[in-house]
Amino acid sequence: MSLAQRVLLTWFFTLVFLVVLVLKLDGKVKWSWFIVFFPVWVFDGILILMLAVKMAGRCKPGYDPRNGSPDLRRRTWYLMAMLLKLGFCLMLCAKLEKLADLKLVFVFIPLWTMLVGALVELGLNIFPERREA
């Protein structure tokens, strides 16, 4: 998928989610919060599928694992971040639908974990380790 297609897909799903969210918050529709977050989950599912296909490409014959170790670490982090975001969205919907009596602190733990991980990833990208030859 090209960059332009990914950007267009992101904008489309964001627009659909925001329109449905505004309709729900204004009281125009009485949909479940799980339906409101459906565009987010479809988009995340597409991203997880694309990431899984790229990670499975490492299993093809003739692949040299010495050249791709930082790439695997980064893709593993992306997969973990997507799963944490999905967990946050599911717990948030369960809280808003009153299906689970969760404190808001526990609902936000996956999001905070993802943000701390993103800060670590940013730090590793800004300050790469130096290799002395």
Side-chain angles (χ1 to χ4, degrees):
M1 183 178 278
S2 72
L3 180 63
Q5 290 172 334
R6 284 184 281 184
V7 169
L8 187 61
L9 191 70
T10 303
W11 278 102
F12 174 74
F13 280 108
T14 303
L15 178 68
V16 170
F17 171 67
L18 290 175
V19 167
V20 173
L21 181 67
V22 167
L23 288 173
K24 172 74 174 171
L25 292 175
D26 278 346
K28 304 288 184 195
V29 294
K30 299 293 182 195
W31 294 339
S32 165
W33 282 103
F34 290 99
I35 295 173
V36 171
F37 276 84
F38 187 72
V40 174
W41 292 329
V42 169
F43 181 68
D44 288 347
I46 291 170
L47 290 180
I48 288 173
L49 181 68
M50 288 174 41
L51 192 58
V53 167
K54 286 185 179 183
M55 288 177 79
R58 297 177 53 85
C59 298
K60 65 183 176 186
Y63 179 77
D64 186 12
R66 292 174 289 177
N67 296 335
S69 121
D71 189 44
L72 179 62
R73 181 186 58 82
R74 180 173 290 133
R75 288 191 178 158
T76 304
W77 159 244
Y78 291 160
L79 183 63
M80 190 68 178
M82 293 301 300
L83 292 175
L84 284 169
K85 181 181 171 230
L86 234 96
F88 167 70
C89 287
L90 281 172
M91 288 182 11
L92 182 63
C93 286
K95 171 78 174 165
L96 292 172
E97 287 288 325
K98 295 179 178 54
L99 295 177
D101 187 27
L102 294 170
K103 291 186 178 184
L104 217 49
V105 171
F106 298 126
V107 171
F108 277 87
I109 286 175
L111 182 66
W112 293 332
T113 307
M114 184 183 70
L115 291 175
V116 168
L119 285 175
V120 169
E121 178 72 20
L122 179 65
L124 291 174
N125 286 334
I126 291 176
F127 306 111
E129 66 180 61
R130 296 181 185 192
R131 297 185 183 186
E132 300 296 322

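Heavy-atom basis, side chains included; hydrogens, waters and symmetry copies ignored. Computed from a predicted model, the values in this text were never measured in an experiment.
- Within a 6.0 Å sphere centred on CE of Met50, heavy atoms belonging to other residues, nucleotides or ligands number more than 12.
- Few gaps surround CG on Asn125; more than 12 heavy atoms of other groups in view lie less than 6.0 Å from it.
- Here the shortest heavy-atom pairing between Pro110 and Gly87 reads CG-C, 4.4 Å.
- The minimum heavy-atom distance between Met114 and Trp77, with the atom names listed, is O-CH2, 3.5 Å.
- Between the CD1 atom of Ile48 and the CG atom of Leu86 there is a distance of 5.5 Å, given to the nearest 0.5 Å.
- For Phe38, there are no ring-ring contact (aromatic ring centres under 6.0 Å, His included) partners two or more places apart in sequence or in a different chain.
- More than 12 heavy-atom neighbours from other residues, nucleotides or ligands sit within 6.0 angstrom of CH2 on Trp112.
- Leu9 places a side-chain heavy atom less than 4.5 Å from the side chain of Phe13.
- Side-chain heavy atoms closer than 4.5 Å link hydrophobic residues (I, L, V, M, F, W, Y) into clusters, and following such links, even through other members, never connects Leu51 to Val7.
- Using modelled atom types, no side-chain atom of Glu97 and backbone atom of Ser32 make a donor-acceptor pair closer than 3.5 Å.
- At a threshold of 4.5 Å between side-chain heavy atoms, the hydrophobic network of Ile, Leu, Val, Met, Phe, Trp and Tyr places Val16 and Leu25 in one connected group.
- Side-chain heavy atoms closer than 4.5 Å link hydrophobic residues (I, L, V, M, F, W, Y) into clusters, and following such links, even through other members, never connects Leu8 to Phe12.
- The CG atom of Leu47 sits 6.5 Å away from the OG1 atom of Thr10 when rounded to the nearest 0.5 Å.
- Val22 is not connected to Trp11 by any chain of hydrophobic side-chain contacts under 4.5 Å among Ile, Leu, Val, Met, Phe, Trp and Tyr, and they are in different clusters.
- Here the closest non-hydrogen pair linking Val36 and Phe17 is O-CD1, 3.4 Å.
- Expressed to the nearest 0.5 Å, how far CG of Leu92 lies from CZ of Phe34 amounts to 9.5 Å.
- Between the SG atom in Cys93 and the CZ atom in Phe37 there is a gap of 4.5 Å [rounded to 0.5 Å].
- Residues Val107 and Met91 approach most closely at CA-CE, 3.3 Å, considering heavy atoms.
- To the nearest 0.5 Å, atoms CH2 (Trp41) and CG (Leu90) are separated by 5.0 Å.
- Rounding to the nearest 0.5 Å places CZ of Phe43 at 7.0 Å from CE of Met82.
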Query - side chain to side chain contact (heavy atoms under 4.5 Å, CB included) between Lys85 and Val40, worked out - result: CA-CA 10 Å; Lys85 181 181 171 230; Val40 174; 3.7 Å; yes
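- Hydrophobic clustering keeps Leu124 apart from Phe127 (ILVMFWY residues linked when any side-chain heavy atoms are closer than 4.5 Å, directly or through intermediates).
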